[in-house]
Amino acid sequence: MAYRFDFLSIADYTPVLVKGLGVTVELIAVGAVAGVAIGIAAAWARTEGPRWLRPFVTTYVELIRNTPFLIQLFFIFFGLPALGVHLGEMQAACLAMAVNLGAYSAEIVRAGIAATPRGQYEAGASLAMTRLEVFRHIVLKPALSRVWPALSSQIVIVMLGSAVCSQIAAEDLSFAANFIQSRNFRAFEVYIVTTAIYLLLAIVLRQVLRLLGQRLFRRAAR
């Protein structure tokens, strides 16, 4: 018996999909901002920070980059309560995404910093700037401009990885898809539509990041 497609059966659940899309956008907005901030701080610590701090940051980066995101998510949501730290689904999901993106972006930003000409450091020192001031005002922006495409790609990857946040009942897009499929039993149609939404979201996010990069780094040194 031939399978009869029925994409109209999803129309009744449009509000559920819209809500899930909104949650996914919220997750990536919070996770991206916090994750890039963590990455910049970690990159500074590994290149310009105190020597005693570098082993801790290196351990964090290697631990996160070499363990599955799902396990990190479960540890934050299910493991931290054993230590008295209780987080809601959205809080745990945002924290997990920020921590994960922070480790990857740290290495990306560090590569940009490593490409900074030594003369820029010397120029800052000649103006009596501290190492932190040189990093903030001279090194950081050109370094970010060099690695922005790679950083943007990593943000998109983390956005797509956010689909597993439904495993802790965060009501994102994949949670909405699972909910709809459990009600109308139209798995093929539901997941095709969800895939198309994720694809469109990735394309839009990449374009937004590209335009943001053009605006932020228009005058950055290369």
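All heavy atoms count here, side chains included; hydrogens, waters and symmetry mates do not.
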>> I'd like to know if the side chain of R186 and the backbone of F7 have a donor-acceptor N/O pair within less than 3.5 Å.
In response: no
>> For the CD1 atom of I40 and the CG atom of L140, what is their distance to the nearest 0.5 Å?
In response: 5.0 Å
>> Measuring from atom CZ of F5 to atom CD1 of I192, what distance do you get when rounded to the nearest 0.5 angstrom?
In response: 8.5 Å
>> Looking at every heavy atom in both A176 and G20, which two are closest together, and how far apart are they?
In response: CB-CA, 4.3 Å
> Of the non-hydrogen atoms in A43 and A106, which two are nearest, and what is the gap between them?
Replying inline: CB-O, 3.6 Å
> If every non-hydrogen atom of E48 is compared with every non-hydrogen atom of R54, which pair is closest and at what distance?
Replying inline: C-NH2, 4.1 Å
>> Side-chain heavy atoms nearer than 4.5 Å, only ILVMFWY residues, links allowed to pass through others: does that put V156 and Y104 together?
In response: no
>> Side-chain heavy atoms nearer than 4.5 Å, only ILVMFWY residues, links allowed to pass through others: does that put F185 and L17 together?
In response: no
> Side chain of S145, backbone of P142: donor and acceptor closer than 3.5 Å?
Replying inline: yes
>> Using the side chain to side chain contact (heavy atoms under 4.5 Å, CB included) definition, which of the options L27, V23, T24, V25 pairs with L173?
In response: T24
> Per the side chain to side chain contact (heavy atoms under 4.5 Å, CB included) rule, which among N66, V61, T67 passes with L63?
Replying inline: T67
>> Run the side chain to side chain contact (heavy atoms under 4.5 Å, CB included) test on R210 and S152 for me, step by step, so that the C-alpha distance in whole Å, both residues' side-chain angles and the decisive distance to 0.1 Å come before the verdict.
In response: CA-CA 8 Å; R210 182 181 64 82; S152 298; over 6 Å; no
> Within the side chain of Q72, is there an N or O that forms a donor-acceptor pair under 3.5 Å with the backbone of I64?
Replying inline: yes
> side chain to side chain contact (heavy atoms under 4.5 Å, CB included) between L83 and L80: does it pass, once the steps are laid out?
Replying inline: CA-CA 5 Å; L83 303 177; L80 290 184; 4.2 Å; yes
> Can you tell me how far the CD atom of Q167 sits from the CZ atom of F74, to the nearest 0.5 Å?
Replying inline: 5.5 Å
> Within a radius of less than 6.0 Å around CZ of R136, do more than 12 heavy atoms belonging to other residues, nucleotides or ligands occur?
Replying inline: no
> Would you find a donor on one side and an acceptor on the other, under 3.5 Å apart, between the side chain of Q91 and the backbone of G88?
Replying inline: yes
> Shared ILVMFWY cluster between V190 and L199, side chains joined below 4.5 angstrom?
Replying inline: no
> Going by atom types alone, do Q154 and S105 pair a side-chain donor with an acceptor below 3.5 Å?
Replying inline: no
> When you look at W148 and L212, which way does the side chain to side chain contact (heavy atoms under 4.5 Å, CB included) test go after all the steps?
Replying inline: CA-CA 10 Å; W148 189 251; L212 179 61; 4.0 Å; yes
>> If I compare all heavy atoms of A143 with all of T116, which pair ends up nearest, and what's the gap?
In response: CB-OG1, 4.5 Å
> Is the backbone N or O of A187 less than 3.5 Å from a side-chain atom of Q181, with the two atoms forming a donor-acceptor pair by type?
Replying inline: no
> Of the options T194, L200, T195, which is the one that meets Y198 in a side chain to side chain contact (heavy atoms under 4.5 Å, CB included)?
Replying inline: T194
>> Which heavy atom of Y60 sits nearest to which heavy atom of I38, and what is that distance?
In response: OH-CG2, 3.5 Å
>> Could you see if F78 belongs to whatever hydrophobic cluster contains L73? Use Ile, Leu, Val, Met, Phe, Trp, Tyr and a side-chain cutoff under 4.5 Å.
In response: yes
> What are the two closest non-hydrogen atoms of C165 and D172, and how far apart are they?
Replying inline: CB-OD2, 4.3 Å
> Taking atom CD1 of I28 and atom CG of L205, what is their separation to the nearest 0.5 Å?
Replying inline: 6.0 Å
> Can you say whether the rings of W52 and F56 are parallel (under 30°), tilted (30 to 60°) or perpendicular (over 60°)?
Replying inline: perpendicular
>> Tell me whether L216 shares a hydrophobic cluster with L209, the cluster being built from Ile, Leu, Val, Met, Phe, Trp, Tyr side chains joined at under 4.5 Å.
In response: yes
>> Apply side chain to side chain donor-acceptor pair (under 3.5 Å) to residues S153 and R206 and explain how you reach the verdict.
In response: CA-CA 7 Å; S153 295; R206 195 176 295 276; 3.2 Å; yes
>> One pair to check against side chain to side chain contact (heavy atoms under 4.5 Å, CB included): F135 and I113. What are the steps and the verdict?
In response: CA-CA 9 Å; F135 180 80; I113 294 171; 3.3 Å; yes
> Where does the angle between the aromatic ring planes of Y13 and F179 fall among parallel (under 30°), tilted (30 to 60°) and perpendicular (over 60°)?
Replying inline: perpendicular
>> Contact between Y191 and N178 at the side-chain level, heavy atoms closer than 4.5 Å - yes or no?
In response: yes
>> Taking the side chain as everything from C-beta on, heavy atoms only, tell me whether L101 gets closer than 4.5 Å to I155.
In response: yes
> So do the side chains of E107 and R46 get within less than 4.5 Å of each other, counting heavy atoms only?
Replying inline: yes
